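In this text, all values refer to a predicted model and were calculated from it rather than measured experimentally. Values reported hereafter were calculated over all heavy atoms of this structure, with side chains retained and with hydrogens, waters and symmetry mates removed. Chain naming here is simple, since letters A, B, ... match the order of the sequence lines and numbering starts at 1 in each.
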There are 2 protein chains.
Amino acid sequence: MMNTDTPSEPTCYGLNKLVDEPTERIETLQSLVPSNEDTEQKQEIFKALANEDRIRILEILREGERCVCELQAALEAPQSTVATHLRKLKDAGLVKSRKQGTWRLYRTADTAAFELLNLAEAMRDDE
Amino acid sequence: MMNTDTPSEPTCYGLNKLVDEPTERIETLQSLVPSNEDTEQKQEIFKALANEDRIRILEILREGERCVCELQAALEAPQSTVATHLRKLKDAGLVKSRKQGTWRLYRTADTAAFELLNLAEAMRDDE
DNA sequence: ATACTATATCGTGATATCCCGAAATATATA
DNA sequence: TATATATTTCGGGATATCACGATATAGTAT
């Protein structure tokens with residue numbers, strides 16, 4: 001009754017039963033779980049992407065760098081809202097910025113940011 | 001003073017000034033913003049990914065399909081918590097499932113799900 | 001039917017995020 | 001210095017998400 005490898009006939013059991021039963025199966029599963037730092041970093045990126053306005057900002061930045069007030073106009077959102085979004089994108093490493101006079105120009109930090117959007121887009125089609 | 005193309009000398013202005021000034025610049029920016037459905041769908045995917053446990057679940061599913069109680073053991077999380085995570089992943093179209101006896105086996109719906117994790121992973125390195 | 005296992009949903013308090021006005025900071029210009 | 005524009009940060013109420021026990025549902029076996 002203890003099949004340890006393929007899940008064609010999965011070995012399942014109550015969690016309470018499980019704790020004092022040192023099966024190697026659980027160790028195997030847990031070895032697949034990545035480290036905390038690893039997971040936390042990914043989580044921060046996905047959290048930054050988990051907002052419609054921030055997705056729109058990145059879409060606009062596909063075309064090149066923009067200052068805050070341009071994004072503000074495009075999104076029709078209050079200035080402080082846009083600034084907060086940009087802060088979050090920056091903290092996650094998705095965008096970078098440079099100062100030019102009184103303006104601050106934002107750009108995508110990495111083409112991977114666009115690829116993330118592309119992949120999410122592609123998921124709609126094939127299923 | 002009205003540079004409409006490159007942002008080397010960006011045309012910025014207060015939002016209040018802006019509303020009654022129909023510059024084509026704003027229209028251009030807004031044309032870059034994707035449709036609502038488009039953005040909403042991406043947002044749902046990224047929201048589903050914006051959680052450490054759900055990222056861990058997907059990492060485990062790289063190796064093949066698993067039943068709920070296996071994930072429960074690997075994550076050391078209560079059963080209802082894991083079930084709720086799986087629901088969210090399923091609603092976002094990231095995982096699929098099939099019934100086998102009393103078990104329900106979950107698997108990744110699309111390889112794009114793994115690629116999203118890979119891309120997020122890769123972003124740490126180059127910056 | 002009864003019992004047992006596996007999974008899903010519900011209800012809810014704790015926590016996090018969102019949105020945005022108000023105030024603070026920074027830079028250029030008169 | 002005073003003024004105007006651009007941007008960031010702060011404060012806090014509204015809203016959403018989280019984790020999880022309790023409960024419900026479904027399948028299997030006796």
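Of the possible donor and acceptor atoms, one in the side chain of R54(A) sits under 3.5 Å from a partner among the backbone N and O of K47(A). T81(A) places no side-chain N or O within 3.5 Å of a backbone atom of A77(A) that could act as its donor or acceptor partner.
Here the shortest heavy-atom pairing between A74(B) and L29(A) reads CB-CB, 3.7 Å. Looking at every heavy atom in both residues, V68(B) comes nearest to Y106(B) through CG2-CE1, 3.6 Å.
Spacing between atom CD of E40(B) and atom C1' of dA16(D) amounts to 15 Å, rounded to whole angstrom units. Rounding to whole angstrom units, CD of residue E52(A) and P of dT15(D) are separated by 17 Å. Distance Q72(B) CD to dT7(C) P: 8 Å, rounded to the nearest Å. In this structure, the CG atom of L89(B) is 16 Å from the P atom of dT7(C), given to the nearest Å. Computed from coordinates, the E65(B) CD to dT7(C) P distance equals 12 Å when rounded to whole Å. Distance CG (L71(B)) to C1' (dA19(D)): 17 Å, rounded to an integer number of Å. Computed from coordinates, the I57(B) CD1 to dT7(C) P distance equals 12 Å when rounded to whole Å. The interatomic distance linking K90(A) (NZ) with dT7(D) (P) rounds to 12 Å, in whole Å.
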Seminar exercise, completed: Under a 4.0 Å heavy-atom criterion, the protein footprint on nucleotides 17-22 of chain C, written with B, S and -, is SSSBBB
Exercise. When every nucleotide of nucleotides 25-30 of chain D is labelled 5' to 3' by its protein contacts under 4.0 Å (heavy atoms), B for base, S for sugar-phosphate only, - for none, what sequence of letters results?
Worked result: -SBS--
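Proximity of R104(B) to the phosphate of dA8(C): a side-chain N or O atom is located under 4.0 Å from OP1 or OP2. One finds a side-chain N or O of R87(B) lying less than 4.0 angstrom from the OP1 or OP2 phosphate oxygen of dT9(C). A sub-4.0 Å separation between OP1 or OP2 of dA8(C) and a side-chain N or O of Y106(B) is present.
Ion pair E59(A)/R62(A) flagged as a salt bridge, since at least one NZ, NE, NH1 or NH2 atom sits closer than 4.0 Å to an Asp/Glu carboxylate oxygen. Under the 4.0 Å criterion applied to side-chain N and carboxylate O atoms, R98(B) and E65(B) are assigned as salt-bridge partners.
F114(A) and L32(B) fall into different hydrophobic clusters, defined by Ile, Leu, Val, Met, Phe, Trp and Tyr side-chain heavy atoms under 4.5 Å apart, directly or through other members.
If you check the side chains of R56(A) and N36(B), you find a donor sitting under 3.5 Å from an acceptor.
Once rounded to the nearest 0.5 Å, the distance linking CG of L58(B) with CG of L71(B) reads 10.0 Å.
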